[in-house]
J.: 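Supplied in C-alpha cells, the structure appears directly below.
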Protein chains: 2
Amino acid sequence: MAAPDRLTKRNAIRRENERLILAAAEKVFAEAGFGGATMQLIADMAGLPKANLHYYFATKEELYRKVVQQIFEIWLHAAKSFDKAAGPVEGIGAYIDAKMEISRRHPFGSKVWASEVMHGAPVIQDYLETTLRDWTEGRAAVIRRWIAAGKMAPVDPYHLLYMLWATTQHYADFGHQIETLNGGRPLSAQEWARAKESVKSIILRGIGASPSQAEVI
Amino acid sequence: MAAPDRLTKRNAIRRENERLILAAAEKVFAEAGFGGATMQLIADMAGLPKANLHYYFATKEELYRKVVQQIFEIWLHAAKSFDKAAGPVEGIGAYIDAKMEISRRHPFGSKVWASEVMHGAPVIQDYLETTLRDWTEGRAAVIRRWIAAGKMAPVDPYHLLYMLWATTQHYADFGHQIETLNGGRPLSAQEWARAKESVKSIILRGIGASPSQAEVI
DNA sequence: CTCGACCTTGACCATACGGTCAGAAAACGA
DNA sequence: TCGTTTTCTGACCGTATGGTCAAGGTCGAG
C-alpha cells in the first residue's frame, strides 16, 4: 500500500481520467446546475462510459464537492496578492486583477460556486464557517490598518470585500448577459482590460485610494 | 367569452391560486435551481395537489418563465428612479437604494434570475436581446450625458452599470454567504442601511460624483 | 511468466420525475 | 332549479436518472 505516487502508467491514467472527469463536471454543473446535471452528460463530455465515472467518484455529490473545492482553492491562492502589498492601491488593485483574471479563465468554476452559495451552500457550509470566515476577518483587519494609517477612506471593510467579490465574479457568473449586451460577442482582450481598469478605477477612487488622489490626501 | 375580469368568486380563486403557486415556485426554483426543483415540492409548498399546478400552468417551463418575468418587471420598474434625476448623485443613488431594497424584499426572484442567466438564459434570451439591451443603452446614454455635463468622472457607462447590478444583487444572490459571515444572522435593518450607505458612498465617490465632492468639481 | 490488484464497461435495477386523464365537485348564468 | 363551464384531484404512465454489478481486460511486482 506504499508509494502510491510513482510515475507508473496506472497512476498516469488515473490522474488523466480524474482530470478529464473534473473538467467535464465543472462545465456541466456550471451550465445545468447540480440538479440539472446528469452523470451521463458528464460522462459523454469526458468521453468515458458512465460506469467509469462511478469508479472514480462514488456519487454525484462527491464529484460535485471536488469541483467546488477546486475553485475555492484558486480563489484563496489569488488572495495572496492582498497580503504582500504596502497599501490599498497595490493590494486591492492586484486583488481585483487576480479575481478578474480568474473570472476570465475559470468562468465555470465561478458559476458552480455561485450556484452552490445561492442554494444555501448545502455542500460547503463548513468551508464558509471556517476557512472563508477566517480569511475574511484577516483581510478586514488589513483594511482597517490601512484606514488607520490614513491610506484610504474609512469604509466598512466587509462591505468593501463584498463589493470586490460581486464586481469581479459578475464577469464570470453573468458573462452570458454581458456577452449579449456586447453585441453577442465575448469580451475581447482589450475589452477585458477595459473592464479591469473600469472596476479598479471606480473602486480605488471610491475608497479614496486612487493613485491620482494619493497626493491629495 | 367576454368579461373575464369580473369580480366573481371563480376569478378570485384563480388569482389567489396563481399567486400561491408563483410564490411557492419562486422560492423552490431559487433554492433548488430549475433542474433541482420538482413540481411536487412546489405543490406541497403551495398547499395544492400537484395536478392542480398543471391545471394553472401547463408545464414546469411555463411556470418558471412566469417567475423570471416577474422579477424582471420589478427591476425595470425600479429603474425609473434613474430617469427623473437631474444628476448622478440623485439618479444612481436612488437606483442603488431601489435595487438594494429589491434584493432585501425579493431575494428569491433575484436568485432565479441569476440562475437563469448563469445557465445561458435558455428561457429569457429574447428579453436580454430586446428589452434589456434597449434599457441598458438608454441608461448608458444618460450616463454619457452626465459625463459630458461634467457631473461625474468619465467612466465606461456599461461597466458602471454592471457594477451597480453586481453589487446590489450580490446581497440577494450571495445572501447566505453574507449571513454566514455576519455571525449566522441575517442582516438587521441597521446593517442593511449600512450596506446601502457603503455601496452608495464607494460608487458615488468612485465616479467622482459624491455629494461632498460635488462642490470641489 | 504468473498472480493479484486495478481498471473498464454493457446491462441492469429501483426510484422519482413531469405530465395525463377521467370523473367528481363547485360555481355560474338564466 | 337546471344545464354548462370551470375547477379540483387521485390514480396512472412512460421515461430518465443515479447507482450497481459481474465479467472481462490491463498492468505491475516478484
Side-chain angles (χ1 to χ4, degrees), chain A residues 1-22 24-29 31-68 112 119 122-123, chain B residues 1-22 24-29 31-68 112 119 122-123:
Chain A
M1 283 302 138
D5 276 20
R6 278 187 46 209
L7 251 71
T8 164
K9 186 172 180 182
R10 273 197 185 147
N11 285 340
I13 288 178
R14 168 170 279 270
R15 245 193 291 268
E16 173 63 7
N17 279 347
E18 284 179 351
R19 198 190 57 79
L20 269 177
I21 295 170
L22 282 170
E26 182 176 303
K27 192 171 181 187
V28 173
F29 281 134
E31 286 174 352
F34 179 80
T38 73
M39 294 298 271
Q40 188 62 62
L41 215 67
I42 297 171
D44 291 349
M45 182 150 300
L48 296 170
K50 193 186 68 165
N52 212 345
L53 262 67
H54 281 100
Y55 175 73
Y56 286 105
F57 301 91
T59 66
K60 191 182 174 185
E61 278 84 0
E62 185 186 322
L63 176 53
Y64 174 76
R65 179 186 280 265
K66 280 278 165 57
V67 170
V68 176
V112 174
H119 298 359
V123 169
Chain B
M1 284 303 134
D5 277 18
R6 278 185 47 211
L7 251 71
T8 163
K9 186 172 181 182
R10 270 190 189 156
N11 286 339
I13 287 178
R14 169 169 279 270
R15 243 193 292 269
E16 173 64 7
N17 278 347
E18 284 179 351
R19 198 189 57 79
L20 269 177
I21 295 170
L22 282 170
E26 182 175 303
K27 192 171 181 186
V28 172
F29 281 134
E31 287 174 351
F34 178 81
T38 73
M39 295 297 272
Q40 187 62 63
L41 216 66
I42 297 171
D44 292 348
M45 183 152 298
L48 296 170
K50 192 185 71 165
N52 211 346
L53 262 68
H54 282 99
Y55 174 75
Y56 286 105
F57 301 92
T59 67
K60 191 183 174 184
E61 278 84 359
E62 185 185 320
L63 176 53
Y64 175 76
R65 179 186 281 266
K66 281 276 165 59
V67 170
V68 176
V112 174
H119 297 24
V123 170

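Lettering follows sequence order; numbering is per chain, from 1.
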J.: In whole Å, I'd like the distance from the OH atom of A/Y64 to the C1' atom of D/dG18.
T.: 17 Å
J.: Quick one: are B/K60 and B/M39 in side-chain contact, heavy atoms under 4.5 Å?
T.: yes
J.: Strictly below 4.0 Å, heavy-atom distances to any atom of DNA chain D: list the hits from residues 32-49 of chain B, or just say none.
T.: B/P49
J.: Taking C-beta and beyond as the side chain, do B/Y56 and B/L48 meet within less than 4.5 Å on heavy atoms?
T.: no
J.: Tell me, which of residues 51-60 of chain A have any heavy atom that sits under 4.0 Å from an atom in DNA chain C?
T.: A/A51, A/N52, A/Y55, A/Y56
J.: Any cation-pi pair here, B/K66 with B/F57, using under 6.0 Å and within 45°?
T.: no
J.: Counting C-beta onward and ignoring hydrogens, is there a side-chain heavy-atom pair between A/V67 and A/L22 closer than 4.5 Å?
T.: yes
J.: Relative to the ring of A/F34, is the ring of A/F29 parallel (under 30°), tilted (30 to 60°) or perpendicular (over 60°)?
T.: parallel
J.: I'd like to know if A/E18 pairs up with A/R14 as an ion pair, taking the criterion as any Lys NZ or Arg NE/NH1/NH2 lying under 4.0 Å from an Asp or Glu carboxylate oxygen.
T.: yes
J.: Judged by atom type as modelled, is there a donor-acceptor pair below 3.5 Å linking the side chain of A/K50 to the main-chain atoms of A/I42?
T.: no
J.: Grab the CZ-P distance between A/R15 and C/dC6 for me, whole Å please.
T.: 16 Å
J.: Respond yes when some side-chain nitrogen or oxygen of B/R14 is under 4.0 Å from OP1 or OP2 of D/dT7, and no when none is.
T.: yes
J.: Send over the distance from B/I13 CD1 to C/dA25 P, rounded to a whole Å.
T.: 16 Å
J.: Are OP1 or OP2 of D/dT6 and a side-chain N or O of B/N11 less than 4.0 angstrom apart?
T.: no
J.: Tell me the interatomic distance from A/K50, atom NZ, to C/dC12, atom C1', rounded to whole angstroms.
T.: 10 Å
J.: Between D/dT7 atom C1' and B/E18 atom CD, what is the distance in whole Å?
T.: 12 Å
J.: NA contact type, B/E61, heavy-atom cut-off 4.0 Å: base, sugar-phosphate, or nothing?
T.: sugar-phosphate
J.: Less than 4.0 Å between a side-chain N and a carboxylate O, is that true for A/E62 and A/R65?
T.: no
J.: Does A/T38 use its side chain to pair, donor to acceptor, with the backbone of A/L41 at less than 3.5 Å?
T.: yes
